[in-house]
Amino acid sequence: MWSARIATPITSLCFVLGRATQPALRRNQEDIETAERFAAWAQSQEEFHNEKLVDAAAGYAVCAAAIPESHDALLDKCLALLTQAKTAGHFNQENIQKLRAPGAFDGIQNNEIFAAFVQEAEKAATQP
């Protein structure tokens, strides 16, 4: 007899195995599409708008680090969202430290363009 208690772990396992056996190109495209949907949603939000932009930028950063063939385009999208948040005055010292902290932006920390953005945001945050 089939049990619901067994079905859930098996279903989860099948999902993981199915994802692992998909061609890498298809998985990468799905990851990019997910990041794009999240970014579109974040841009449409009013409450905590800037925080959501930064979260969406983190999604692009993760994809940029994981998908070398799309790195530059994804980094551009990441920085565009971060720039929107910066323009709105989101980046104080505390929020800048979140960009430097271990987490979603790890894969692009050593990128010159990202590092320049963080330095520029830091500079803007210290000026009155």
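This is a predicted model, so every value here is computed, not measured.
One N or O on the side chain of K52 and one on the backbone of E47 form a donor-acceptor pair closer than 3.5 Å.
Atom NZ of residue K86 and atom NE2 of residue H90 lie 13.0 Å apart, to the nearest 0.5 angstrom. If you take CH2 on W41 and CG on D55, they are separated by 8.0 Å, rounding to the nearest 0.5 Å.
Under the 4.5 Å side-chain contact rule for hydrophobic residues, F38 and I32 do not share a cluster. V54 and V62 fall into different hydrophobic clusters, where Ile, Leu, Val, Met, Phe, Trp and Tyr are joined by side-chain heavy atoms under 4.5 Å apart, directly or via other members.
In terms of heavy atoms, A56 sits closest to A42 at CB-CB, 4.0 Å. When every heavy atom of A125 is checked against every heavy atom of Q93, the shortest pair comes out as CB-NE2, 3.8 Å. Across every non-hydrogen atom of Q43 and L53, the tightest pair is CG-CD2, 3.6 Å. Closest approach of L99 to F105, counting heavy atoms only: CD2-CE1, 3.7 Å. Closest approach of D31 to C63, counting heavy atoms only: O-SG, 3.7 Å.
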**Q.** Evaluation steps, side-chain hydrogen bond (donor to acceptor under 3.5 Å, both in side chains), between E69 and N28
**A.** CA-CA 10 Å; E69 62 273 11; N28 292 347; 3.2 Å; yes

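Classification of R100 and E122 as a salt-bridged pair holds, one side-chain N sitting under 4.0 Å from a carboxylate O.
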With a cut-off of 3.5 Å and sequence neighbours excluded, list every side-chain donor-acceptor pair involving residues 70-83.
unit_1	atom_1	unit_2	atom_2	d
K77	NZ	E36	OE2	2.7
T83	OG1	L79	O	2.7

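Taking the six-membered ring where tryptophan is involved, the planes of F117 and F91 are perpendicular, since the angle between them exceeds 60° and thus also 30°.
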